[in-house]
Each structure stands twice: as C-alpha cells, then as structure tokens.
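Comments concern the structure below.
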Amino acid sequence: MFNQRIKIKQLLSGTATGTEVVVMGWVRTFRNNQFIALNDGSTNANIQIVASLGEFDDAILKRITTGASLKITGTVVESLGKGQTVEVKATSIEILGDSDAEKYPLQPKKHSLEFLREKAHLRFRTNTFGSVFRIRHSLAFAVHQFFNDRGFLYLHTPIITSSDAEGAGEMFRVTTLPLEGAPKNDAGEIDFTQDFFGKSTNLTVSGQLEGELGAMAFSDIYTFGPTFRAENSNTTRHLAEFWMIEPEVAFNDLEDNMNLAEDFIKHLIAYVMKNNIDDLQFLDTRLAEEEKQLPTEKRSGLGLIEKLKFVVENGFERITYTEAIEILLNSTHYKKKKFTYDIKWGIDLQSEHERYLVEQHFKKPVIVTGYPAAIKAFYMRMNDGCEPGKETVAAMDILAPGIGEIVGGSQREERLEKLEARMNAMHIPLQEMSYYLDTRRFGSVPHAGFGLGFERMVQFVTGMTNIRDVIPFARTPKNCEY
RNA sequence: UCCUCCUUAGCUCAGUUGGUUAGAGCACAUCACUGUUAAUGAUGGGGUCCUCCGUUCAAGUCGGAGAGGGGGAGCCA
C-alpha cells in the first residue's frame, strides 16, 4: 500500500516525539537548504521537515522547490527552532512531483486576490483559499446536519426545468437543437417540440416551487443545489452559477419561518466557530491587516470572529417594511440628502438603504417583513386587512452587514382563489402552473420557506469581500474558465 | 447594462513639465553561509511599458478606439 501517511493536521495535534511517520504534501518554502515547510491541505499549519546537512544528495535537494510534492519518512522530534514545537527529521525524501521553480506561479509571498483568481486551479494551495474552502466545506456539512437533526428531508429538485414562470431571473436555455437552421413551426418560431424534451427547457433558477410540492407531503424539506441565473450582473455578490439552500415547511407561518432562518444561520456560524477556529483566526488576522489599509470610516469596527460571535449571541432585529421606511425617512442621513435614491412607501429598498439599516442604524442582522405586494413574487401570501393601495405580503428578507440580502423568504399563498387572482394579475399562465396549483386544490396548508445563497453565507463567515473568491471556479458574465 | 478607476519584469509597484541606456523589492540562476521561520549576503539573467490609431523633432508619459481587470450601481441569493 502506497499511502500510510499521517495527515499534517493530525500530526501537529499531539503525535508523540520519537514516532516514525510518513507525511506527504507540497512544499511551501525551503529555507536554508535544510528546512522544508510542507503542507497537505488538512490545515494551514505546515510541518517543518528537517533535511540535515550532508545527509541528502544535492541532486535531491535541488528538486525541493516551491510547489513540488514530497513523500517524507522520518521521526517526530522536538524542534530546536522557535517557530514550531515539533518537526520531522527526515530519513528519506522522495520527490513525487517536480515543480519548475521558474515557472510555478505561486511564490512564498502575498499575492493579490485578483492574480490568484486567474490561477484558480492553484489558489487552493494558498493559506487564504485553504481556509476559505475548508470553511465552505464545513458550512455545507453543517447545512445537512442542521436539517437532518430537525427531521427535514433533503429533496433533490431538478437542475433542468421546463418551468419558466418563477420570475427569479434570466435563464440559461438548455437545448440540443442546432444553433444554425433550428426547426421552425408554422408561426416562424423555433419549434421546441422537436427539442430533446419536446419543449423549451432551461437551467433552474430556484428549486422552490418543486420544494413546495415536496413539503406538501413530507412536511419539512430542504434543497441544496446549484442554481443558474443568466443575469448580466457584475458585482462582488453575484454569480451565474451558485448554490442555494431552500427549506420549505408545511404548517409554518412567517414567524416560524423567521425563527427557522435565524436558528439556521446561527447554527452554521457556531459550527464553523467550533470546528474551524484556526482557519477563522487566519482569516481574522488577514482581514484586520487588510482593514488597516482602509480609511477609518470604511473599517468594520469588529473583527471577523468578534462579528460572528456577536451574530450567534444576539437576536436579529425584526422590523416591518413600513417601519424600515420610517427609520430611513427619520435618519439624519436622509435629511442631509445622502441617499442617492428617493425613499417613500412602495419602493424596493436599495442597497444603500439596506446597508444603512444594517451597518449604521442597528449594527446587526435585520429581518425586514411585510413588503409591498407590488414588488414581490406571486407566491407570497397576501396579508389580510391591508389599507387599500398599501397591500403587503408575508415576505421576509434577512439583511447582513457587508453583503446585504442573505436570505429571502415568505409565507406562501395557500388560498387557491387568492393565488389565482394574483397570478392572473401578474400574467402568469395558470395552465402551465397547474401542477403547482394542485397543492392548493388538494389539502392545502399554510406553509413557508426561504432561500439562502450559500456563497453569500460563505462570504459572511470568511469575510471575503468578493463572491468569486468563495466558490472554487466562479462563473460570471464573460468568464467560464476550467 | 450603466458609472468610475486601473493595465510598466514571473509577482507587487515606482517612473518628474513628453527628452537620451525604463527602475526597486520579491521571485529565478550561480556562489558563499548553515537551526532557518517569506533565512541571509554577493553576483547575474529577465521588458511587445495591454493592443491599434493619432498628435509631436521625440510618447511608458498626451488624445481617440478596443481588449482585460478592479470598485460602485441596477437585477437578486
């Protein structure tokens, strides 16, 4: 058997001195022709391998370059140096893979995130991305743990869908028809009856509608899968391909929904704080150094770990849309005319408004409920007893410092007549959505759910400011490498 | 899609009112040193100044167009 190695994380967590070990990994630095900092991705901490002078051929030593992969056999010993408590005194060094020092792009120095973004296949080997992607993994695990512990069923909703009425954004078409000379029907339109599925299909923009179908049988379901939006969005918080978590719960109202979302977010953060504290500490330090470059007013004030701790330990602020508008209208920020966009009841809150509420006014996550019906999706439940012209829906958005909207959700409209009326008003074809309306026809129940953008959650927990740095291979307009 | 900023060595960046041979640190190579912590010291190699067009005696520097990237906005998660 080739692989009898010990992982560096395990080795560093208390292997007795004198133990014979095999370690494998990639060279981070090679100092003084004697000291190899070896990393295997299990942790940012390197194990120092000592290649004592005179014990190894120059031909081997020359091949120990940054990025090269090694198999080391040796003994765990107490370190004579100051930077580490233990090290491995090598008895054999095997070069598994050479790395041409002149051509290897990563150097033992700080690289810009922009540069590393273009070297996405190698950036995993850096401390920053090592930490980010270990945390991303932990968050994904914690998602499943949270819902499994609560008896939710993980429902796999389709990636390819024929439903185009969700209205969540521009869709990527899926077709096997030829680009040139696609078959046309009598009306001169492309004839999708000849397409692979016999109809027009797209990549999903949300699993919610299918999720609702599952919730109407299993009571509590969640989805966690890739989602695709063909929006021409060029921002630090949008991707064309991203992962979304969408729980859908029968018998829940809006308040249950908010409680679930808040518990969920707190669970994710607490899990990472428990299981990835060394990675968080690395990112915390990194962020603090980055913030030193910023002018005082742009600094966040709280360190990364402090911020996470604060979120876990404090309740999210809960306000209605109407209250939010009042707060904004009464703010000195508004009176000094510092908002670009006008504020009045009925507008959709702009980024600057959300940021003001979260970062200036409350300084913590805020849940805004009861948005005007006119600016929200058809499936959201109409609130009863609204003033005419000021109809609201049982929607809720969770706004987080630094990234804005992290969760969007609602209690769904379970009353068939009201739902149909709303769909008609919004020109959504009832015929195509007949399957969806069936849930309201046969044993409809109050239910609610939300969507959480997984990458935005990773951004929040890691403090990374650009969403392209929290997904292994980002897909954005005009960019689909790898 | 809109606004704005940027593009000089492998990387990070400097480059004066347009002026002669475009610099630094790191990286890389060679040598020295050898318990180093992004090792150190010496020496050396390394440039389509993003591309094209224009202004000028002269363009890395000024103007225009294009490409790529960053930040912000809209759309949203």
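Values below: all heavy atoms of this structure, side chains included; hydrogens, waters and symmetry mates excluded. Just so it is clear: chains get the letters A, B, ... in the order the sequence lines come, proteins before strands, and each one is counted from 1.
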- Measure from the side chain of A/N33, starting at C-beta and using heavy atoms only, and say which of B/rU34, B/rA39, B/rG72 lies closest. B/rU34
- Near RNA chain B, which residues from residues 113-123 of chain A have a heavy atom under 4.0 Å away? A/E114, A/F115, A/R117
- Message: What contact category does A/N234 fall into here, base, sugar-phosphate, or nothing, at under 4.0 angstrom with non-hydrogen atoms?
- Response: base
- Message: Distance check, C1' atoms only: B/rG23 and B/rG66, in whole angstrom units.
- Response: 30 Å
- Task: For B/rA27 and B/rU40, measure between their C1' atoms and round to the nearest Å.
- Result: 16 Å
- Item | Between A/F147 and A/Y154, ring centroids under 6.0 Å | no
- Message: Between B/rC76 and A/H238, counting only base atoms on the nucleotide and side-chain atoms on the residue, is there a donor-acceptor pair under 3.5 Å?
- Response: yes
- Task: Give a yes/no on whether any side-chain N or O of A/S351 is located under 4.0 angstrom from OP1 or OP2 of B/rG74.
- Result: yes
- Candidates B/rA73, B/rG35, B/rC11 - which lies nearest the side chain of A/V50: B/rG35
- Query: With both distances under 3.5 Å as the test, what is the Watson-Crick or G-U wobble partner of B/rA22?
  - Reply: none
- Rounded to the nearest angstrom, tell me the gap between atom CE in A/M244 and atom P in B/rC76. 13 Å
- Query: B/rA73 C1' sits how many Å from A/E352 CD, rounded?
  - Reply: 10 Å
- If the P atom of B/rA59 is compared with that of B/rC2, how far apart are they to the nearest Å? 34 Å
- Message: Between C1' on B/rA38 and CD on A/E289, what's the gap in Å once rounded to a whole number?
- Response: 13 Å
- Message: Regarding A/R123 and A/D469, does a basic nitrogen lie under 4.0 Å from an acidic carboxylate oxygen?
- Response: yes
- Item | Atom-to-atom span, CD1 of A/I49 to P of B/rG35 - whole angstrom | 19 Å
- Task: Please determine, by modelled atom types, if A/E212 and A/Q208 share a side-chain donor-acceptor pair under 3.5 angstrom.
- Result: yes
- Message: Give me the distance, rounded to whole Å, that separates B/rC28 from B/rA67 when you measure between the C1' atoms they each carry.
- Response: 30 Å
- Task: Please state the P separation for the pair B/rU61 and B/rG19 - nearest whole angstrom.
- Result: 10 Å
- A/I406 near the nucleic acid: base, sugar-phosphate alone, or nothing, with a heavy-atom cut-off under 4.0 Å? sugar-phosphate
- Message: I want to check one thing: is the phosphate of B/rC75, taken as OP1 and OP2, less than 4.0 Å away from some side-chain N or O of A/R237?
- Response: no
- Task: For B/rA27, take OP1 and OP2 only and decide whether either is under 4.0 Å from a side-chain N or O of A/T66.
- Result: no
- Message: Between B/rG45 and B/rG54, how far apart are the two C1' atoms, rounded to whole Å?
- Response: 37 Å
- Query: What is the distance, rounded to the nearest whole Å, between atom NZ of A/K110 and atom P of B/rA27?
  - Reply: 17 Å
- Hey, does A/Q48 reach any base, or is it just sugar-phosphate, or nothing, if we go heavy atoms under 4.0 Å? base
- Message: From C-beta outward on A/R31, which listed nucleotide comes closest to its side chain: B/rU1, B/rC76, B/rU36?
- Response: B/rU36
- Note on the structure: Testing B/rU1, B/rC28, B/rU34 for proximity to the side chain of A/A101, the answer is B/rC28
- B/rC5 to B/rU48 separation - C1' atoms, rounded to the nearest Å: 25 Å
- Message: Can you measure A/Y104 atom OH to B/rA29 atom P for me and round it to whole angstrom units?
- Response: 15 Å
- Message: For A/E78, is the CD atom crowded, meaning more than 12 foreign heavy atoms sit under 6.0 Å from it?
- Response: no
- Between the base of B/rG35 and the side chain of A/S79, is there any donor-acceptor pair under 3.5 Å? yes
- Message: Taking the minimum atom-to-atom distance to the side chain of A/R229, which one of B/rC76, B/rC26, B/rU36 wins?
- Response: B/rC76
- Message: Suppose we call a contact any N or O donor and acceptor under 3.5 Å apart; does that hold for the side chain of A/Q84 and the base of B/rU36?
- Response: yes
- Message: Could you identify the nucleotide paired to B/rC28, looking across every strand shown and requiring Watson-Crick or G-U wobble geometry with both distances under 3.5 Å?
- Response: B/rG44
- Task: Just compare B/rG35, B/rG74, B/rG72 and give me whichever is closest to any side-chain atom of A/F35.
- Result: B/rG35
- Does A/E55 come within less than 4.0 Å of A/K89, counting only side-chain N to carboxylate O? yes
- Note on the structure: Whichever of A/K62 and A/S52 has the more 5' nearest nucleotide on RNA chain B, that residue is A/K62
- Message: With a 4.5 Å cut-off on side-chain heavy atoms, are A/F152 and A/L260 touching?
- Response: yes
- Mind checking the C1' distance from B/rG46 to B/rC52? Whole angstroms is fine. 27 Å
- Task: Could you please name the partner base of B/rC2, counting Watson-Crick and G-U wobble pairs only when both distances are under 3.5 Å?
- Result: B/rG72
- Look at all strands and tell whether A/S233 reaches a base, only sugar-phosphate, or nothing, counting heavy atoms closer than 4.0 Å. base
- For B/rA67, give its Watson-Crick or G-U wobble partner with both distances under 3.5 Å, or none. B/rU7
- Query: With a 4.0 Å cut-off on heavy atoms, is A/K82 in touch with a base, just the backbone sugar-phosphate, or nothing at all?
  - Reply: base
- Note on the structure: Among B/rC11, B/rU34, B/rG72, the one nearest any side-chain atom of A/R355 is B/rG72
- Query: With a 4.0 Å cut-off, would you call A/K376 and A/D397 a salt bridge?
  - Reply: yes
- Return the nearest nucleotide to the side chain of A/Q107; candidates are B/rU37, B/rG74, B/rG10. B/rG10
- Quickly work out the A/D58 CG to B/rU34 C1' distance and round it to whole Å. 13 Å
- Query: With sugar-phosphate meaning primed atoms plus P, OP1 and OP2, does A/E102 contact a base, only sugar-phosphate, or nothing at under 4.0 Å between heavy atoms?
  - Reply: sugar-phosphate
- Message: Between A/Y222 and A/F146, is the ring centroid distance below 6.0 Å?
- Response: no
- Query: Any side-chain donor-acceptor pair under 3.5 Å between A/E352 and A/Y341?
  - Reply: no
- Item | B/rC33 pairs with, by Watson-Crick or G-U criteria that keep both distances under 3.5 Å | none
- So, do A/F310 and A/F362 have ring centers that fall under 6.0 Å from each other? no
- Message: So if I take every side-chain heavy atom of A/N32 and compare against B/rG71, B/rG35, B/rA73, which nucleotide ends up nearest?
- Response: B/rG35
- When we call it a touch if two heavy atoms are under 4.0 Å apart, what does A/T235 touch: a base, just sugar-phosphate, or nothing? base
- Between A/F129 and A/F133, how do the two ring planes meet: parallel, tilted or perpendicular, split at 30° and 60°? parallel
- Whole angstrom value for the distance that separates C1' of B/rG68 from CD of A/E481: 12 Å
- Query: In terms of heavy-atom contacts, does CZ of A/F141 have more than 12 from other residues, nucleotides or ligands at under 6.0 Å?
  - Reply: no
- Query: What does A/Y341 touch in the nucleic acid at a heavy-atom separation under 4.0 angstrom: a base, only the sugar-phosphate, or nothing?
  - Reply: sugar-phosphate
- Have a look at A/E87 and say if it touches a base, only the backbone sugar-phosphate, or nothing, with a 4.0 Å heavy-atom cut-off. base
